[in-house]
Amino acid sequence: MDIKTLQKRINYTFKNEHLLEVALTHSSYANENRRGSEYNERLEFLGDAVLSIIVSDYLYNHYNIPEGDLTKLRASIVCERSLDVMADKIQLGEYLLLGRGEELTGGRTRPSVIADAFEALIAAIYLDGGMESAKTFVLPFVLEMLSDEDQLTFKDYKTALQEIIQQNPEERLIYRLAEESGPDHNKRFVVEVCINSNVIGRGEGRSKKNAEQMAAKEALELMGK
């Protein structure tokens, strides 16, 4: 295992390389060697929390959407499938220490194994260099994931529409409440999105913000976006 090459690939040099070695060690390897070897499950636990904080902080500060939608968007970024995609970009599977059985059954390319190791790597960087180092490592993956809508199960339609409209500074984008009905516990809102005074989309939701997202979605569809 050439951990020097991996450190160049992730653009981070460990002060304590043992942390990196543990992050790359699967439980099957530790069990087969029977030397009380440390393996990456505890680091995975910590890395999951560190990743969640980094992603939550970024989404909170850059996406003006309801809490429920923030949760969905975060979940689409930190899920096993997304982590496997991120890990593949640094070819993390090549560096894992696996037991013989795990190796023979395809563990080196198994998404669950790769995703867990990626979380463990985040934790190792966090413990070695602090939160800023972990953030520097993680955010480029997150930004790339957010830029590729096909990777995500949730899309921020308002932000996408705003970016298009900003290309024409003379245009003014506004959202206005068209209808509101229902009791307090079951409200229904209808919102229109307008460029200047022209309605370009209409959406319905159980909150104004959700209705705005649906209105923006309809506007994007009408624009062929």
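These numbers were taken from a predicted model, which means no experiment stands behind them.
- Within the 3.5 Å criterion, the main-chain N or O of E44 finds no donor-acceptor partner in the side chain of D116.
- I174 CD1 to C194 SG: the interatomic distance, rounded to the nearest 0.5 Å, is 5.0 Å.
- Side chain of Q213 to main chain of Y157: a donor-acceptor pair is present (N/O by atom type, distance under 3.5 Å, no hydrogens or angles).
- A 4.5 Å side-chain heavy-atom check between D69 and K72 finds at least one atom pair inside the cut-off.
- A donor-acceptor pair is defined here as one N or O able to donate and one able to accept, closer than 3.5 Å; such a pair exists between the side chain of S56 and the backbone of S52.
- Checking side-chain atoms of D2 against main-chain N and O of K4 turns up a donor-acceptor pair under 3.5 Å.
- For E171 (side chain) and I165 (main-chain N/O), no donor-acceptor pair under 3.5 Å exists by modelled atom type.
- A 4.5 Å side-chain heavy-atom check between T25 and E38 finds every atom pair outside the cut-off.
- The side-chain heavy atoms of M86 and E144, taken from C-beta on, include no pair separated by under 4.5 Å.
- Nearest heavy-atom pair, L51 versus V138, reported as atom, atom and distance to 0.1 Å: CD1-CG1, 3.6 Å.
- A donor atom on one side chain and an acceptor atom on the other are found under 3.5 Å apart for Y95 and R9.
- Applying the 6.0 Å contact sphere to CZ of F141 captures more than 12 heavy atoms from other residues, nucleotides or ligands.
- Note on L127 and I53: same hydrophobic cluster, where clusters join Ile, Leu, Val, Met, Phe, Trp and Tyr whose side-chain heavy atoms are under 4.5 Å apart, directly or indirectly.
- Under the side chain to side chain donor-acceptor pair (under 3.5 Å) criterion, E163 pairs with no residue, sequence neighbours left out.
- Of all heavy-atom pairs between E80 and P111, the closest is OE2-CB, 3.7 Å.
- Contact detail for A216 and Y175: the closest heavy-atom pair is CB-OH, 3.6 Å.
- Under a hydrophobic clustering in which Ile, Leu, Val, Met, Phe, Trp and Tyr are joined whenever their side-chain heavy atoms come within less than 4.5 Å, directly or via other members, Y39 and L121 fall into different clusters.
- By the criterion of side-chain heavy atoms lying less than 4.5 angstrom apart, applied directly or through intervening Ile, Leu, Val, Met, Phe, Trp or Tyr residues, V50 is grouped together with L143 in one hydrophobic cluster.
- One distance of note links CG of D88 with CD of E94; it measures 9.5 Å at 0.5 Å rounding.
- In this structure, L24 CG and L19 CG are separated by 11.0 Å, a value rounded to the nearest 0.5 Å.
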Discussion item. Walk me through whether I125 and F14 qualify under side chain to side chain contact (heavy atoms under 4.5 Å, CB included).
Written reply: CA-CA 7 Å; I125 294 172; F14 278 81; 3.6 Å; yes

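- Under a 3.5 Å cut-off, the side chain of K15 and the backbone N or O of D128 do form a donor-acceptor pair.
- For the residue pair E132/T136, the side-chain donor-acceptor check at 3.5 Å is not satisfied.
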Item to complete: Evaluate side chain to side chain contact (heavy atoms under 4.5 Å, CB included) for L146 paired with Y58, printing each intermediate quantity in order.
Response: CA-CA 11 Å; L146 288 168; Y58 183 85; 3.6 Å; yes

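- In terms of modelled atom types and a separation under 3.5 Å, the side chain of N16 and the main chain of H18 share a donor-acceptor contact.
- L139 and Y126 fall within the same hydrophobic cluster, where Ile, Leu, Val, Met, Phe, Trp and Tyr residues are linked whenever their side-chain heavy atoms come under 4.5 Å apart, directly or through other members.
- Placement of F45 and I54 in two distinct hydrophobic clusters is found when ILVMFWY residues are connected by side-chain heavy-atom separations under 4.5 Å, directly or transitively.
- Between T109 and I114, the closest heavy-atom pair is C-CG1, 4.2 Å.
- Under 4.0 Å is where a charged nitrogen must lie from a carboxylate oxygen, and between E32 and R100 no such pair does.
- Residues L161 and A219 come closest through the heavy atom pair CD2-CB, 4.0 Å.
- With sequence neighbours excluded, the residues that form a side chain to side chain donor-acceptor pair (under 3.5 Å) with E103 are R108.
- Atom CD1 of I10 is separated from atom CG of L92 by 9.0 Å, given to the nearest 0.5 angstrom.
- Taking every heavy atom of both residues into account, G107 and L98 meet most closely at C-CD1, 3.8 Å.
- Among residues two or more places apart in sequence or in another chain, the side chain to side chain contact (heavy atoms under 4.5 Å, CB included) test is passed with L177 by E180, F189, V191, K208.
- Look at E212 and K217 and you find no salt bridge, because none of the NZ, NE, NH1 or NH2 atoms lies under 4.0 Å from a carboxylate O.
- Here the side chain of Y12 pairs a donor or acceptor atom with the backbone of G129 at under 3.5 angstrom.
- In this structure, OG in S28 is found 9.0 Å from CG in L97, a value given to the nearest 0.5 Å.
- Between atom CD1 of residue I195 and atom CD1 of residue I164 there is a gap of 9.0 Å, rounded to the nearest 0.5 Å.
- At a threshold of 4.5 Å between non-hydrogen side-chain atoms, the residues E179 and R202 count as touching.
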